[in-house]
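Have a look at the structure below, then the notes.
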There are 4 protein chains.
Amino acid sequence: MYGTVQAEVRQVNRASDPRGCDDLPPRARRYDAAGTRSALLGAAELRFARYGYDRCSVRDIAKDAGVDAALVYRYFGSKEALFDAVSTSTGLFEPLRHLPLNEVSAWICDVVSMGPTEEEAPHPLLTKLRSSNREETVGRLREEVTEVFSQGFARRLEGEDAELRAELLAAWLMGITLLRLAIRSPALATTPDDTLLRFLRAGIDPLLDADCPGRGGEDG
Amino acid sequence: MYGTVQAEVRQVNRASDPRGCDDLPPRARRYDAAGTRSALLGAAELRFARYGYDRCSVRDIAKDAGVDAALVYRYFGSKEALFDAVSTSTGLFEPLRHLPLNEVSAWICDVVSMGPTEEEAPHPLLTKLRSSNREETVGRLREEVTEVFSQGFARRLEGEDAELRAELLAAWLMGITLLRLAIRSPALATTPDDTLLRFLRAGIDPLLDADCPGRGGEDG
Amino acid sequence: MYGTVQAEVRQVNRASDPRGCDDLPPRARRYDAAGTRSALLGAAELRFARYGYDRCSVRDIAKDAGVDAALVYRYFGSKEALFDAVSTSTGLFEPLRHLPLNEVSAWICDVVSMGPTEEEAPHPLLTKLRSSNREETVGRLREEVTEVFSQGFARRLEGEDAELRAELLAAWLMGITLLRLAIRSPALATTPDDTLLRFLRAGIDPLLDADCPGRGGEDG
Amino acid sequence: MYGTVQAEVRQVNRASDPRGCDDLPPRARRYDAAGTRSALLGAAELRFARYGYDRCSVRDIAKDAGVDAALVYRYFGSKEALFDAVSTSTGLFEPLRHLPLNEVSAWICDVVSMGPTEEEAPHPLLTKLRSSNREETVGRLREEVTEVFSQGFARRLEGEDAELRAELLAAWLMGITLLRLAIRSPALATTPDDTLLRFLRAGIDPLLDADCPGRGGEDG
DNA sequence: TATGAATGAGTATTCATTCAT
DNA sequence: AATGAATGAATACTCATTCAT
């Protein structure tokens with residue numbers, strides 16, 4: 001299904017399979033466990049991010065990787081395990097632990113701009129969002145959000161309801177990723193980063209402020 | 001797959017079938033086209049919202065509705081048509097056309113609170129979000145967002161980059177829906193509406209303001 | 001399947017349902033048993049001849065006839081019975097009983113020219129040929145051929161192996177019908193009747209001759 | 001549908017699998033791609049010839065072949081492709097290109113006698129005739145007849161209307177095949193070949209003659 | 001290590017048929 | 001007499017997974 005993404009994956013494949021390069025002996029090509037494993041990972045990353053768990057077949061992934069489908073089971077055990085391997089936290093949220101609060105907007109801007117916007121490259125968040133119909137994926141997302149935002153980042157926020165404010169930040173991050181990379185709404189998909197950043201600040205910085213929500217309730 | 005949600009659907013079915021409210025015996029209701037149709041719609045609504053398009057089988061939906069799977073084809077023509085019938089715009093965004101800007105936060109608050117939070121009821125947005133791996137769904141989402149936000153709502157915003165700001169609003173709406181109803185992150189899933197509202201204002205109202213992004217760039 | 005042949009059938013339908021004609025009261029239109037029955041027969045005749053038993057659905061036939069599919073069962077009992085009713089001997093071979101032998105070629109010519117060649121009209125033989133994958137149809141064909149040719153017509157032939165010669169005649173009749181009306185091979189489908197007749201004679205008349213096969217065996 | 005023809009197919013399978021002719025134990029033959037493929041072909045050949053395309057299910061064919069139905073898709077891609085593989089021209093008509101005209105009758109006699117007459121073996125022409133309700137099959141038959149008879153063989157005939165005469169020959173060939181092998185009319189199904197041949201000559205040779213139709217029109 | 005042969009459960013969809021109205 | 005609601009079995013096809021090589 002969905003044609004092939006072989007061309008691109010082949011590159012990925014070659015990146016980790018530098019046959020014909022210089023120092024690596026050019027003989028070993030098949031029977032290259034590490035290479036096969038990472039080729040599968042690369043292909044899966046792409047497929048899963050693009051089509052979601054359910055619309056990817058193990059065979060398609062294997063074909064993209066240029067190996068036999070049975071190897072998915074040899075190296076990962078199951079389609080699900082492969083997905084887990086691919087969608088396992090990539091340290092994407094790591095910066096949130098130490099980043100100065102006034103740089104958070106810029107970081108979010110970076111995150112939602114990852115990958116070539118044109119061709120829906122494998123964005124780590126998108127992989128999960130695209131498969132958010134799977135209970136397991138949702139569970140992992142909950143754990144991750146809880147750990148990173150509700151517990152981790154919230155602790156760095158002064159003021160009331162830090163937990164909620166952190167999750168609102170997460171919500172925006174996900175929403176923008178979805179609209180910009182998956183749904184590709186007209187403005188978000190095309191706006192240059194610096195413009196986006198200015199508006200992100202407008203919405204985010206108040207949330208990070210110590211006296212948020214401020215006196216905002218008055219005029220409601 | 002995924003056992004049965006029959007019990008609940010039966011309720012939905014009856015709840016949305018306001019005929020013979022009290023004295024009609026609730027049994028013997030075969031040969032009731034309208035009832036069957038709406039039972040199927042109800043069951044599909046629930047299943048699709050909960051598991052997404054790919055993880056719902058026509059058979060399961062029919063079983064939930066208590067009818068034969070072939071009736072899906074009699075009444076809707078295909079699984080896809082049934083999904084369309086369920087996910088077709090329900091006028092959810094209608095209020096955005098006339099609502100005073102300072103009530104937008106409250107409206108968002110309402111939207112993301114729709115349906116019993118405990119049991120992941122069929123939220124119209126969630127249905128689409130859960131199936132956002134389907135190209136058709138993504139396409140429809142893009143159309144809807146474009147029409148309602150990028151074109152419709154943006155026109156009501158003064159200041160620069162109205163389109164982008166409108167889409168950022170949409171992004172937040174979707175992100176919060178996702179976190180609150182699907183992912184169920186700890187704070188968002190439990191925070192009472194009025195509390196949520198106060199913080200929503202803090203993030204949203206600046207975006208709606210005529211001189212957004214204001215002088216926010218200074219301290220970055 | 002296969003679009004609709006409704007237009008034509010409607011005519012058939014009207015032919016046997018002369019509403020708005022002159023002397024028949026224009027009220028009776030629904031609740032017209034005979035009319036419904038014959039409308040179904042007409043539609044079935046067309047469909048079966050065109051697509052064969054297996055590629056016709058009862059619903060399509062009923063739709064062509066402009067009535068509900070259940071009426072097929074009311075009036076005929078089953079799809080199979082409807083097919084039988086349609087394919088039951090129409091006296092097509094009746095002339096073979098008395099026709100002078102030297103007019104047989106001309107008669108065959110007539111038979112294979114029945115119905116508008118362009119639009120594959122319901123040819124009684126074609127109906128059976130198109131469904132010759134059904135055991136029942138084959139059985140009936142065998143009976144019919146046996147009765148009409150092997151027993152009936154053969155008795156009128158002098159000379160040896162009359163039975164075989166009669167069946168060879170039947171074979172040619174069927175083969176030409178198939179090629180001319182179903183397969184529509186270039187020459188047979190377009191050749192005018194009088195030309196065809198001249199060549200039919202060349203092949204058939206020897207078979208009907210009393211001293212057939214004559215001295216044909218010599219040069220083999 | 002139609003029970004099983006397993007027993008016979010197994011034979012066919014083994015007969016056409018000339019490996020380990022004697023000493024190889026006939027059991028234990030899994031993981032044998034070529035064997036599986038040809039078993040499927042054999043089973044399909046038989047089923048299709050006997051029941052026609054529409055009355056054969058992929059499952060039944062697979063069951064006859066003793067393998068899983070999914071393998072039909074592995075090896076052929078679709079039911080239709082399997083049918084094509086089975087019904088693809090087998091060079092049956094090849095002899096018509098060079099055969100001396102006075103041996104044509106004998107060749108036809110051979111063709112219509114192919115396969116055990118008793119048990120409706122897979123005759124290449126019968127396969128197509130039995131599925132002549134399919135548009136694709138009819139189309140292929142038209143092409144084949146056109147190429148082989150209307151164009152190829154006709155060129156070898158002297159005299160007028162060669163094309164028509166060639167098609168009349170084809171018609172007879174098909175009609176006899178149908179009556180002899182499918183319908184099994186009493187005489188044709190039992191007559192020995194040499195007798196049949198004598199009468200075939202009587203009908204066919206005149207058609208092949210250079211001055212056909214001769215002066216046959218006089219006595220009509 | 002890698003391949004590809006084999007499987008069985010599952011999917012959407014169609015259809016002849018029956019039942020209540 | 002006629003309708004259309006309902007059913008269940010069947011169909012072609014796909015896919016994750018396992019087994020022999």
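As a basis for the values below, the full set of heavy atoms in this structure was taken, side chains included, without hydrogen atoms, waters or symmetry mates. Since the structure is predicted, the reported quantities are computational estimates derived from the model, not experimental observations. Numbers restart at 1 for each chain; the letters A, B, ... are given by sequence-line order, proteins then strands.
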Can you tell me if R55(B) uses its side chain to pair, donor with acceptor, with the backbone of R134(A) under 3.5 Å? no
Give the rounded distance in Å between these two atoms: CG of D54(D) and P of dA16(E). 12 Å
Quick one: F76(A) CZ to dT17(F) P, roughly how many Å, whole number? 14 Å
N or O in side chain of R74(A) less than 4.0 angstrom from dA2(E) OP1/OP2: no
D32(C) atom CG is separated from dT3(F) atom C1', nearest whole Å, by 16 Å
Heavy-atom nearest nucleotide on DNA chain E for A70(D) versus A69(A): which residue maps closer to 5'? A69(A)
To the nearest Å, give me how far apart CG (L71(B)) and P (dA20(E)) are. 16 Å
Checking the side chain of S131(C) only, and the main-chain atoms of K128(C) only, is there a donor and an acceptor separated by less than 3.5 Å? no
If we call it a pair only when both distances are under 3.5 Å in a Watson-Crick or G-U wobble match, what pairs with dA1(F)? none
Measure the distance from CD1 on I61(B) to P on dT13(E) and round it to the nearest whole Å. 11 Å
How long is the line joining CG of D68(B) and C1' of dC15(E), in whole Å? 12 Å
Taking pairing as Watson-Crick or G-U wobble with both contacts under 3.5 Å, can you name the mate of dA12(F), or confirm there isn't one? dT11(E)
Contacts of Y75(D) and Y73(C) projected onto DNA chain E by closest heavy atom; the upstream (5') one is Y75(D)
Just the rounded figure in Å: distance from P of dT3(E) to OH of Y31(A). 8 Å
With a 3.5 Å distance limit and no angle check, can you tell me whether K79(B) reaches the backbone of Y53(B) through a side-chain donor-acceptor pair? yes
Could you tell me the separation between the CZ atom of R59(A) and the C1' atom of dT7(E), rounded to a whole number of Å? 11 Å
N/O (side chain, T36(A)) to phosphate O (OP1/OP2, dT1(E)) under 4.0 Å: no
Return the pairing partner of dT17(F) with a 3.5 Å limit on both distances, Watson-Crick or G-U wobble; otherwise return none. dA6(E)
